[in-house]
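Atoms considered below: every heavy atom in the structure, side chains included; atoms not considered: hydrogens, waters and symmetry mates.
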Amino acid sequence: MTAPRTLVVRLDSAGDVLLAGPAVRAVAADSSRTVMLCGPLGAPAAELLPGVDDVLVHEAPWVGLEPPPVSPRDCARLIDAVAAHHFDRALVLVSYHQSPLPAALLLRLAGVPWIAADSEDYPGALLDLRHRRLPGRHEAEAALDLARAGGFGLPPGDDGALRVCEPPDTTALTGPEPYVVLHPGAAVPARAWSPARAERAAAALHRAGHRVVVTGGPAEKPLTARVAGRHGLDLGGATAGLAALAGVLARARVVVAGNSGPAHLAAAVGTPVVSLFAPVVPAERWRPHGVAHVLLGDQDAPCALSRARICPVEGHPCLDGVSDAEVVAAVSALLGREAPGAAPAHPEDAYGTEGATV
């Protein structure tokens with residue numbers, strides 16, 4: 001008997017898709033074919049996930065920072081594309097504050113006979129499995145919980161960590177020497193250092209003896225050039241696609257980044273992360289998963305849990321208030337050594353506990 005064909009839906013950004021990786025592997029272990037339905041920003045990440053056979057792309061008007069208008073033509077195209085695959089079942093993955101029901105409705109119209117999702121809203125006939133996530137659950141664990149509730153389990157030996165396919169060798173970009181990556185940008189400005197603060201951090205890491213590699217996308221080249229300055233190697237725009245960035249992050253000793261896709265990509269390649277975590281969303285749900293990490297940033301700042309995209313507090317204190325000494329100490333802790341004279345990196349609440357220690 002042929003195993004079922006399964007669709008996994010995650011319509012957000014690359015980081016969200018990477019966090020769905022363990023659930024995708026659980027689905028793939030019991031499917032003859034596993035396809036992901038993603039938005040344009042998440043599709044490149046889906047192509048890196050083990051277990052994914054194909055990727056469908058739809059820019060949904062109910063997600064994203066700048067969602068498109070509702071288009072009957074686009075919805076009809078999606079329905080036709082899903083119907084052509086003759087899926088037996090689907091999992092709709094969403095964040096804790098999102099509804100899966102718009103996607104579920106389109107899947108029903110495409111003829112998908114069995115659909116599961118986390119949903120606080122009454123789903124009517126849209127869901128066959130209405131699952132309730134546990135309070136405060138990390139997004140990666142919540143997705144895996146849904147998969148398990150639907151009868152999908154991780155294969156033997158799979159520890160449930162984030163994972164991507166083997167990245168390319170990027171030595172030609174970085175050089176052979178050990179280095180620390182600083183990724184100063186983020187799609188949501190509230191989740192990143194100000195450019196001046198990131199520039200000072202790069203200089204501090206350089207003074208502490210680290211070779212600093214600064215990464216960013218093509219649109220971030222002015223930012224990466226400023227941050228790298230005389231203290232680091234500027235790779236802004238040089239990593240064409242997520243696979244190349246994964247290669248750079250995989251060879252790094254530590255990655256310093258905000259709550260962003262690159263932080264989750266670093267976790268997926270097994271590199272420790274200094275997470276500059278603005279509390280606009282809860283760290284318990286979005287911190288780096290499955291790798292050693294140090295969480296920096298004032299989690300009790302006035303912006304906490306606001307989901308603000310632009311920092312609402314003068315001076316961006318939750319992140320720009322992190323000192324150079326804290327950053328250097330955090331990197332040193334993840335490397336297993338002490339930084340002479342550095343301030344402690346708040347070990348009582350900052351170190352990763354999800355299957356990894358420092």
Paired with Tyr179, the side-chain contact (heavy atoms from CB on, under 4.5 Å) test is passed by just one of Leu233, Leu205, Val248, Val254, namely Val248

Ion pair Asp234/Arg226, N-O distance below 4.0 Å:
no

When you check the side-chain N and O atoms of Arg89 and Thr6, is any donor under 3.5 Å from an acceptor?
yes

Gly150 to Trp114 - nearest heavy-atom pair and separation:
CA-CH2, 4.0 Å

By ring pair (Phe, Tyr, Trp, His ring centres under 6.0 Å), which residues pair with Phe152, not counting sequence neighbours?
none

To which residues is Val188 joined in a hydrophobic cluster, defined by side-chain heavy-atom contacts under 4.5 Å among Ile, Leu, Val, Met, Phe, Trp and Tyr, whether direct or through other members?
Leu65

Starting at CG of Asp169, measure out to CZ of Arg251 and round the result to the nearest 0.5 Å.
6.5 Å

With rounding to the nearest 0.5 Å, note down the distance linking CG in Asp54 to CE in Met36.
12.0 Å

Could you report the tightest heavy-atom contact between Ser194 and Asp320, atom names first, then the distance?
OG-OD2, 2.7 Å

Examine Leu41 and Leu19 and state if one hydrophobic cluster contains both, with Ile, Leu, Val, Met, Phe, Trp and Tyr joined whenever side-chain heavy atoms are less than 4.5 Å apart.
no

Same apolar cluster (I L V M F W Y, side chains within < 4.5 Å links), Val313/Leu276:
no

Treat each ILVMFWY residue as a node, draw an edge where side-chain heavy atoms are under 4.5 Å apart, and state whether Leu11 and Leu146 are in one component.
no

Ala308 and Pro312 have their tightest heavy-atom pair at CB-CD, 4.0 Å

Shortest non-hydrogen contact from Ala29 to Gly153?
CB-O, 4.0 Å

How many angstroms lie between CD1 in Ile79 and CZ in Arg108, if you round to the nearest 0.5 Å?
13.5 Å

Report the distance from atom CG of Leu334 to atom CZ of Arg253, rounding to the nearest 0.5 Å.
11.0 Å

side-chain hydrogen bond (donor to acceptor under 3.5 Å, both in side chains): which pairs involve residues 254-277, sequence neighbours left out?
none

Does any N or O in the side chain of His85 come within less than 3.5 Å of the main-chain N or O of Phe87, such that one atom is a donor and the other an acceptor?
no

Looking at CZ of Arg211 and CD of Glu177, how far apart are the two atoms once the value is rounded to the nearest 0.5 Å?
4.5 Å

Within the 3.5 Å criterion, strictly below it, is a donor on Ser71 or Arg77 matched to an acceptor on the partner's side chain?
no

Please work out whether the ring planes of His58 and Trp62 are parallel, tilted or perpendicular, with thresholds of 30° and 60°.
tilted

Nearest-0.5 Å distance, CG of residue Leu101 to CG of residue Leu127:
5.5 Å

Between Ala283 and Leu295 the two heavy atoms that sit nearest each other are CB-CD2, 3.6 Å

Judged by modelled atom types alone, do Arg200 and Ser323 share a side-chain donor-acceptor pair under 3.5 Å?
no

Could Glu139 and Arg133 be called an ion pair, given the rule that one side-chain N must be under 4.0 Å from one carboxylate O?
yes

Which heavy atom of Val94 sits nearest a heavy atom of Arg10, and at what distance?
C-NH1, 3.6 Å

